[in-house]
Peer 1: 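Handing you this structure, nothing more for now.
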There are 2 protein chains.
Amino acid sequence: MVEQTARLDTVFHALSDGTRRGMLQALEGGEKAIGDLARPYAMSFAGASKHVRVLEQAGLVRRRISGRTHYCSLDAARLREANEWLRRYERFWGDRLDILDNLLRQEDEANNT
Amino acid sequence: MVEQTARLDTVFHALSDGTRRGMLQALEGGEKAIGDLARPYAMSFAGASKHVRVLEQAGLVRRRISGRTHYCSLDAARLREANEWLRRYERFWGDRLDILDNLLRQEDEANNT
DNA sequence: TATTAACTAAACTATATGGTTGAACAAACT
DNA sequence: AGTTTGTTCAACCATATAGTTTAGTTAATA
């Protein structure tokens, strides 16, 4: 699990830019070409393409090449890892929801044994 | 809510460094002096101090000065915001836990009305 | 075959980042 | 008063980042 921390570095870094977060949101609707992802931004195409690359290298986005167009889709596994990391702090903003949630989580771990 | 995105930028950026994440974890146990936070790292004191500052400016850490020593403590509100942002993607890794979780969340919103 | 469209790659610029060192400062200790 | 401790600040360095522009590749279209 040594690489876990390096992965979190790159995932959180990828998320630290509004353009990239916007692209992830755009992908919620399903697969999109890089051109479509780039269009909303006042930025060169090449610039947007570099953002996609950052997302891809962080493992947040998968790329499928078909002909000349590159289709991107969400890959949520790493987002989940980031979320798990944050969850550790739930108890610091904790309300009853999170208490319930933790109970369920423990139960889940028990089932996974 | 325009500054929300800028805040997420700085929060995710603050989280993108292992040293800073480590410091947050150290603060789970409660308030700590900057010297204590710095000690575990093979880094100059001034370097570590700069990391603390990044955490502080991202709103993840509060600072209380008493005499010559600066005590830091977790401030989870921004972590919560980051977590909320990530939660949007729950359905992409969704398992039954998250379904339950969403139900509870909706119930909570109803109660907050 | 020539052109256009969807991309990447490379080279470059400006700025941010993570780190260092050395100096400064206020507070506690002798 | 002098020293040590906990900390910041400023200057500096190397590297990374976000952006640009221009050139190149591959695929669809006329």
Side-chain angles (χ1 to χ4, degrees), chain A residues 3 5-27 30-73 78, chain B residues 3 5-27 29-73 78 82:
Chain A
E3 324 86 22
T5 182
R7 268 214 303 277
L8 284 173
D9 283 5
T10 68
V11 168
F12 281 127
H13 170 252
L15 295 178
S16 74
D17 181 283
T19 300
R20 289 191 290 259
R21 288 195 307 276
M23 287 176 163
L24 289 179
Q25 289 183 193
L27 289 174
E31 213 179 42
K32 280 207 168 54
I34 294 194
D36 297 330
L37 286 175
R39 194 155 311 112
Y41 300 99
M43 184 188 303
S44 71
F45 192 91
S49 166
K50 279 166 88 172
H51 279 299
V52 173
R53 187 122 124 117
V54 171
L55 290 167
E56 192 186 11
Q57 292 186 328
L60 299 176
V61 147
R62 263 187 312 271
R63 181 188 302 244
R64 173 177 74 84
I65 301 178
S66 162
R68 67 189 168 186
T69 115
H70 295 209
Y71 293 98
C72 296
S73 55
R78 299 288 164 81
Chain B
E3 323 86 23
T5 182
R7 269 214 301 277
L8 284 172
D9 282 6
T10 67
V11 167
F12 281 128
H13 170 254
L15 294 178
S16 74
D17 181 284
T19 299
R20 290 190 290 258
R21 288 196 306 277
M23 287 175 163
L24 289 178
Q25 290 184 192
L27 289 175
E31 215 179 40
K32 277 206 170 55
I34 295 196
D36 296 332
L37 286 176
R39 193 155 310 112
Y41 301 99
M43 184 187 303
S44 70
F45 191 92
S49 167
K50 279 166 89 171
H51 279 298
V52 172
R53 188 129 123 120
V54 171
L55 290 168
E56 192 187 11
Q57 290 186 330
L60 299 176
V61 148
R62 261 187 315 268
R63 180 189 303 243
R64 173 177 75 83
I65 302 178
S66 163
R68 67 188 169 189
T69 115
H70 295 210
Y71 293 98
C72 295
S73 56
R78 299 288 165 82

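We name chains A, B, ... by the order of the sequence lines, and we start the count at 1 in each one.
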Peer 1: Take B:Ser44 and A:Gly35, find for each the nucleotide of DNA chain C with the closest heavy atom, and name the residue whose nucleotide sits nearer the 5' end.
Peer 2: A:Gly35
Peer 1: Base, sugar-phosphate alone, or nothing: which one does B:Arg39 contact when heavy atoms must sit under 4.0 Å apart?
Peer 2: nothing
Peer 1: Can you tell me if A:Arg53 touches the phosphate of C:dA9, counting only side-chain N or O atoms and a distance under 4.0 Å to OP1 or OP2?
Peer 2: yes
Peer 1: From the options A:Asp36, A:Leu24, A:Val52, A:Leu60, select the one residue that forms a side chain to side chain contact (heavy atoms under 4.5 Å, CB included) with A:Cys72.
Peer 2: A:Val52
Peer 1: Using a 4.5 Å cut-off on heavy atoms from C-beta on, say whether the side chain of A:Glu56 contacts that of A:His70.
Peer 2: no
Peer 1: Of the options C:dT17, C:dG19, C:dA11, whose atoms approach the side-chain atoms of B:His13 most closely?
Peer 2: C:dT17
Peer 1: Of A:Thr19 and B:Ala33, whose closest DNA chain D nucleotide lies nearer the 5' terminus?
Peer 2: B:Ala33
Peer 1: Does atom CZ (A:Arg53) have a neighbourhood of more than 12 heavy atoms from anything else shown, all under 6.0 Å?
Peer 2: no
Peer 1: Got a sec? Which of residues 61-70 of chain B come in under 4.0 Å of DNA chain D, heavy atoms?
Peer 2: B:Arg63, B:Arg68, B:Thr69, B:His70
Peer 1: Does a donor on one side chain and an acceptor on the other come within less than 3.5 Å for B:Thr10 and B:Arg78?
Peer 2: no
Peer 1: Between B:Glu31 and B:Arg64 (salt bridge meaning N to carboxylate O under 4.0 Å), is one present in this structure?
Peer 2: yes
Peer 1: Below 4.0 Å from chain A heavy atoms, what is the first contacting nucleotide of DNA chain D and what is the last?
Peer 2: D:dT17 to D:dA28
Peer 1: Any idea which heavy atoms bring B:Met23 and B:Leu37 closest together, and the distance?
Peer 2: O-CD2, 3.8 Å
